[in-house]
A.B. asks: 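Below you will find the structure I want to go over with you.
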Amino acid sequence: MKTYTNTGNKDTRSGFGAGLTELGQTNENVVALCADLTGSLKMDDFKANHPERFFQVGIAEANMIGMAAGMTIGGKIPFTGTFANFSTGRVYDQIRQSVAYSHKNVKICASHAGVTLGEDGATHQILEDIGLMKMLPGMTVINTCDYNQTKAATLAIAKHDGPVYLRFGRPKVPNFTPENGKFEIGKAVKLTDGNDVTIVATGHLVWEALEAAKVLNDNGISAEVINIHTIKPLDDKAILDSVSKTGCVVTAEEHNYLGGLGESVARVLAQHNPTPQEFVATKDTFGESGTPAQLMDKYGLNSSAIQEAAKKVLKRK
């Protein structure tokens, strides 16, 4: 089976920062707004190089969304930056009314998503944001897996006409996708070929899926791994093509199993090809304080959990 090399652990939020820096140099219509978290969102370089296009709004996230929506009327492409919890839950009404309803070209960029936010605890570890955002008509939802892919996604969404939710994280995670690789919104990436089980993963769980696939392969189970970086619009064809071969699927995400990637995949299967499915995700719960590794282990968001889910779903074929 095809293997992937970790070229060095890097945080996905830094991939966003690198992409934003490049956009500042190449697209004069790109503007950036931040809610008092410039360093955490890695927006410092953009601010330093383009102070006339950077707006520090303070801890006023609702105002930030309203400002961003207004800027699109003059042809600007606003990128807003704050934690995922504050990018969605705190400002949902503003996003719905001012951005989604009128299809404004706002890029909502959200860091510190999921339990890998770590020690800040449940109040900051949003696990519902993908569900919230994918339900908004016309909203594109992207959840990247590593530094390189996050940078590529940041560049890609600047060219996309319409609102986007871009989700990334705080911790340093394996960086394994190609540098300067092509990012196509709505197009899944098949990472390994397999015949026994499909593993559909997103975000930080993609690397864990690859690790699980290696162990499964060593134990005689051929796993096909698909990186779903775009949860909406979902690449239905990639999923259906894979499960038509394997006959079962595991979905893996750092999100509540209610409303996330798993439910989106289940909808596609129910409509077109009912297939046994197991969910690796948090189970209708909030997080808690701890290191990212401790929390991923406690909530079953790792390679071992994916392996167990694969063995379980194989028995249901």
A.B. asks: Could you pull out the closest heavy-atom pair between Gln277 and Gly262, with the gap in Å?
C.D. replies: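 Shortest heavy-atom separation between Gln277 and Gly262 comes out as NE2-O, 3.1 Å.
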A.B. asks: Can you confirm whether Met71 sits close enough to Phe55 that some side-chain heavy atom of one is under 4.5 Å from a side-chain heavy atom of the other?
C.D. replies: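 Yes - at least one pair of side-chain heavy atoms lies under 4.5 Å apart.
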A.B. asks: Specify the closest pair of heavy atoms between Phe176 and Leu210, including all atoms of both residues, with the distance to one decimal.
C.D. replies: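 Minimum heavy-atom contact is CE1-CD1, 3.6 Å.
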A.B. asks: Nearest 0.5 Å please: distance from the OH atom of Tyr92 over to the CG atom of Leu136.
C.D. replies: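 Separation between the atoms: 3.5 Å.
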A.B. asks: For the pair Thr154 (side chain) and Thr150 (backbone), establish whether a donor and an acceptor sit closer than 3.5 Å, ignoring hydrogens and angles.
C.D. replies: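 Here the side-chain-to-backbone pair exists.
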A.B. asks: Suppose the criterion is side chain to side chain donor-acceptor pair (under 3.5 Å): which pairs have a residue in residues 106-133, not counting sequence neighbours?
C.D. replies: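 For residues 106-133, and leaving out neighbouring residues, the side chain to side chain donor-acceptor pair (under 3.5 Å) pairs sorted by first residue read Asn105-Lys107, Thr116-His204, Thr116-Glu254, Asp129-Tyr165, Asp129-Arg167.
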A.B. asks: Testing Leu155, Asn148, Ile157, Thr230 for side chain to side chain contact (heavy atoms under 4.5 Å, CB included) with Phe183, which one passes?
C.D. replies: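 The residue from Leu155, Asn148, Ile157, Thr230 that satisfies side chain to side chain contact (heavy atoms under 4.5 Å, CB included) with Phe183 turns out to be Thr230.
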A.B. asks: Checking the side chain of Ser242 only, and the main-chain atoms of Ile239 only, is there a donor and an acceptor separated by less than 3.5 Å?
C.D. replies: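 No, Ser242 side chain to Ile239 backbone: no donor-acceptor pair under 3.5 Å.
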A.B. asks: What is the ring orientation for His50 with Phe46, classed by angle as parallel under 30°, tilted 30 to 60°, or perpendicular over 60°?
C.D. replies: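 Aromatic pair His50/Phe46 classed tilted.
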A.B. asks: Within a strict 4.5 Å, meaning less than it, do heavy atoms of the Asn85 and Leu117 side chains meet?
C.D. replies: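 No, too far: nothing below the 4.5 Å cut-off.
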A.B. asks: Shortest non-hydrogen contact from Ala152 to Gly181?
C.D. replies: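 Heavy-atom minimum between the residues: CB-O, 3.7 Å.
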A.B. asks: Which heavy-atom pair separates Asn302 from Met296 by the least distance, and what is that distance?
C.D. replies: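 The pair with the smallest heavy-atom distance is ND2-O, 3.9 Å.
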A.B. asks: Please name the pair of heavy atoms, one in Met43 and one in Phe16, separated by the smallest distance, quoted to 0.1 Å.
C.D. replies: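 Shortest heavy-atom contact: CG-CE2, 4.0 Å.
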A.B. asks: About how many Å separate CD1 of Ile142 and NZ of Lys232, when rounded to the nearest 0.5 Å?
C.D. replies: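 Taking NZ in Lys232 and CD1 in Ile142, the distance rounds to 12.5 Å.
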A.B. asks: Atom NE2 of His255 and atom CD1 of Ile231: how far apart are they, to the nearest 0.5 Å?
C.D. replies: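 Here the rounded value is 7.5 Å.
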A.B. asks: Which residue pairs pass the side chain to side chain donor-acceptor pair (under 3.5 Å) test with at least one member in residues 57-68, sequence neighbours excluded?
C.D. replies: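 Those involving residues 57-68 are Glu61-Arg90.
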A.B. asks: Should we count NZ of Lys317 as having more than 12 external heavy atoms under 6.0 Å?
C.D. replies: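 Counting other residues, nucleotides and ligands, NZ of Lys317 exceeds 12 neighbours.
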A.B. asks: Regarding Gln25 and Thr21, is there a side-chain donor-to-acceptor distance under 3.5 Å anywhere?
C.D. replies: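 Not at all, the side chains of Gln25 and Thr21 share no donor-acceptor pair under 3.5 Å.
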A.B. asks: Checking side-chain polar atoms at under 3.5 Å, does Ser264 have a donor or acceptor matched by the opposite partner on Lys134?
C.D. replies: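 Yes, Lys134 and Ser264 have a side-chain donor paired with an acceptor closer than 3.5 Å.
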A.B. asks: Just by modelled atom types, is the Lys42 backbone N or O under 3.5 Å from a matching donor or acceptor in the Arg13 side chain?
C.D. replies: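 Here the side-chain-to-backbone pair does not exist.
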A.B. asks: Roughly how far, to the nearest 0.5 Å, is OG1 of Thr80 from CD1 of Ile108?
C.D. replies: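 If I round to the nearest 0.5 Å, the distance is 5.5 Å.
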A.B. asks: Taking C-beta and beyond as the side chain, do Leu205 and Ile306 meet within less than 4.5 Å on heavy atoms?
C.D. replies: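 Sidechains of Ile306 and Leu205: in contact.
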A.B. asks: Verify, without hydrogens or angle tests, whether Gln56 (side chain) and Asp36 (backbone) share a donor-acceptor contact under 3.5 angstrom.
C.D. replies: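 Present.
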A.B. asks: To check you understand the geometry: which heavy-atom pair defines the closest contact between Met64 and Ala35, and what is its length?
C.D. replies: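 Closest heavy-atom pair between Met64 and Ala35: SD-N, 3.8 Å.
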A.B. asks: Give a yes or no answer on whether the side chain of Asn27 reaches the backbone of Leu23 with a donor-acceptor pair at less than 3.5 Å.
C.D. replies: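 Between the backbone of Leu23 and the side chain of Asn27 there is no qualifying donor-acceptor contact (under 3.5 Å).
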A.B. asks: Is there a side-chain contact between Lys311 and Asn219, using heavy atoms and a 4.5 Å cut-off?
C.D. replies: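 Counting from C-beta outward, Lys311 and Asn219 never come under 4.5 Å.
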A.B. asks: How far does OG1 of Thr72 sit from CG of Asn29, to the nearest 0.5 angstrom?
C.D. replies: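 Atom-to-atom, Thr72:OG1 and Asn29:CG are 11.5 Å apart.
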A.B. asks: Distance-only, no hydrogens or angles: does the Asp146 side chain make a donor-acceptor pair with backbone N or O of Asn175 under 3.5 Å?
C.D. replies: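 No; judged by distance alone, with no hydrogens or angles, the pair does not exist.
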A.B. asks: Quick one about Glu224 and Thr246 (side-chain donor to acceptor, distance below 3.5 Å, no hydrogens or angles considered), yes or no?
C.D. replies: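 Side chains of Thr246 and Glu224: no pair found under 3.5 Å.
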A.B. asks: Enter the distance from Thr202:OG1 to Leu261:CG here, rounded to the nearest 0.5 Å.
C.D. replies: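 Atom-to-atom, Thr202:OG1 and Leu261:CG are 6.0 Å apart.
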